[in-house]
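These numbers come from a predicted model, not from an experiment. Here, residue 1 is the first one in the sequence, and each next residue gets the next number.
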Amino acid sequence: LRKKYNVGDTKTVISFIARLSAEKNPEQFIRIAECLYNIFPDTKFIIAGDGDLRKKVEEGIAKYHLKREILLFGFVNNVAEVLAITDILISCSLSEGLPVNILEAMAMGVPVIAHAVGGISEIIDDGYNGYLVREISPEFYLQKARELIDNPAQKERIGKNAMLTVKNHYDIKETARLMMEVYLNHA
């Protein structure tokens, strides 16, 4: 898969998987990528998604001279394939409900660094199964990404905890069982 997606032997792959719209804040991901690339030049970045801001995203990639470092996939049918080659998922959303992209990443053991908004704070227990940033600035994302890149054991532990969180709290069978329990108790 790394060959298929043109990341080869890159040490670290950091992805942004979301609609390219104002509330998902893809332009912030580009700024984060620039900061990370300056410290970790053996890193590739993936933007998987499409939307109204695609042209601005392309312009941002060019502005920061990251055309070779950021792979812009557009809409992807098989998100699991992208997550299979992803080491860290970054979410820069300004508002969020229950983010499917984050749950998918966590289910596959991919550590997530996300802005603490909406339902994200309910899913991620900071430092246990992912990382939350309170302010949406590249420095905060950079600090958390460094912890994961510099400490493979920490990255693995967070990935395992993320998988357990999804399995224990967001699995479709468990969710159906809990919903049935609610209906039966309030019938």
* Asked: What are the two closest heavy atoms between Cys92 and Asn25, and how far apart are they?
  -> O-CB, 3.1 Å
* Asked: Considering residues at least two apart in sequence or located in another chain, which fulfil the salt bridge (Lys or Arg N to Asp or Glu O under 4.0 Å) criterion with Lys44?
  -> none
* **Gap separating the CD atom of Glu23 from the OG atom of Ser93, nearest 0.5 angstrom** => 7.5 Å
* Separation between CG of Leu98 and CG of Leu103, rounded to the nearest 0.5 Å -> 5.0 Å
* Atom CD1 of Ile47 and atom CG of Leu71: how far apart are they, to the nearest 0.5 Å? -> 9.5 Å
* Asked: Below 4.5 Å, heavy atoms only, C-beta onward: do Glu135 and His115 meet side chain to side chain?
  -> no
* From CG (Asp126) to CD1 (Ile120), nearest 0.5 Å -> 12.5 Å
* Asked: Are Cys35 and Tyr141 side-chain neighbours, meaning at least one heavy-atom pair lies under 4.5 Å?
  -> no
* **Given Ile113, Val117, Ile90, Ile32, the one that forms side chain to side chain contact (heavy atoms under 4.5 Å, CB included) with Val133** => Ile113
* Asked: Applying the 4.5 Å side-chain criterion to the ILVMFWY set and letting contacts propagate, would Met163 and Ile158 be lumped into a single cluster?
  -> no
* For Lys155, side-chain contact (heavy atoms from CB on, under 4.5 Å) partners two or more places apart -> Asp87, Pro111, Leu148
* **Connected via hydrophobic side-chain network under 4.5 Å: Ile70 and Val82** => no
* Asked: With sequence neighbours excluded, what pairs up with Glu34 under the side-chain contact (heavy atoms from CB on, under 4.5 Å) test?
  -> Asn38, Tyr64, Leu66
* Asked: Does any N or O in the side chain of Asp125 come within less than 3.5 Å of the main-chain N or O of Tyr128, such that one atom is a donor and the other an acceptor?
  -> no
* Please report the closest heavy-atom contact between Arg134 and Ala116, naming both atoms and the distance. => NH1-CB, 3.2 Å
* **Distance-minimising heavy-atom pair for Leu89 and Ala105** => CD2-CB, 3.7 Å
* Asked: Is the side chain of Asn101 donor-acceptor paired with the backbone N or O of Ile17 at a distance under 3.5 Å, no angle test?
  -> yes
* So, Asp42 side chain and Lys11 main chain: donor-acceptor pair closer than 3.5 Å or not? -> yes
* So do Ser15 and Ile88 actually touch side chain to side chain, heavy atoms under 4.5 Å? -> no
* Connected via hydrophobic side-chain network under 4.5 Å: Ile149 and Phe29 -> yes
* To do: Taking the side chain as every heavy atom from C-beta outward, state whether Leu36 and Thr43 have any atom pair closer than 4.5 Å.
  => no
* Asked: side chain to side chain donor-acceptor pair (under 3.5 Å): which pairs involve residues 66-75, sequence neighbours left out?
  -> Tyr37-Glu69
* To do: For Gln143 and Arg146, run side chain to side chain donor-acceptor pair (under 3.5 Å): C-alpha distance rounded to whole Å, both residues' side-chain angles, the deciding distance at 0.1 Å, then the answer.
  => CA-CA 5 Å; Gln143 176 191 357; Arg146 283 186 88 153; over 6 Å; no
* Side chains of Met106 and Ile102: does their closest heavy-atom pair fall under 4.5 Å? -> yes
* N/O donor-acceptor pair under 3.5 Å between Asn151 side chain and Glu147 backbone -> no
* To do: Report yes if some heavy atom in the side chain of Ile123 is under 4.5 Å from a heavy atom in the side chain of Tyr170; otherwise report no.
  => yes
* Asked: How long is the gap from CD on Gln28 to OG on Ser137, to the nearest 0.5 Å?
  -> 7.0 Å
Distance-only check: which donor-acceptor pairs under 3.5 Å involve side-chain atoms of residues 51-59, not counting sequence neighbours?
residue, atom, partner, partner atom, Å
Arg54, NE, Glu58, OE2, 3.0

* Between Val13 and Val79, is there a shared hydrophobic cluster once you connect ILVMFWY residues whose side-chain heavy atoms come closer than 4.5 Å? -> yes
* **Sequence-distant partners of Lys160, salt bridge (Lys or Arg N to Asp or Glu O under 4.0 Å), two or more places apart** => Glu156
* **Ile124 vs Tyr131 side-chain heavy atoms within contact, under 4.5 Å** => no
* Asked: Is there a path of hydrophobic side-chain contacts, each under 4.5 Å between heavy atoms of I, L, V, M, F, W or Y residues, that connects Leu83 with Val166?
  -> yes
* Hey, what do you get for CG (Asn185) to CE (Met180), rounding to the nearest 0.5 Å? -> 11.5 Å
* Given side chains that start at C-beta, do those of Phe16 and Ser91 come closer than 4.5 Å, heavy atoms only? -> no
* Heavy-atom closest contact (Ala33 atom, Phe45 atom, distance) -> O-CZ, 3.5 Å
* To do: Looking only at non-hydrogen atoms, find the nearest pair between Ile30 and Gly60 and report the distance.
  => CG2-O, 3.7 Å
* Structure fact -> Here the pair of heavy atoms bringing Pro138 nearest to Arg31 is CG-CB, 4.1 Å
* To do: Tell me, with the steps shown, if Ile46 and Ile85 meet side chain to side chain contact (heavy atoms under 4.5 Å, CB included).
  => CA-CA 10 Å; Ile46 294 172; Ile85 61 168; 3.8 Å; yes
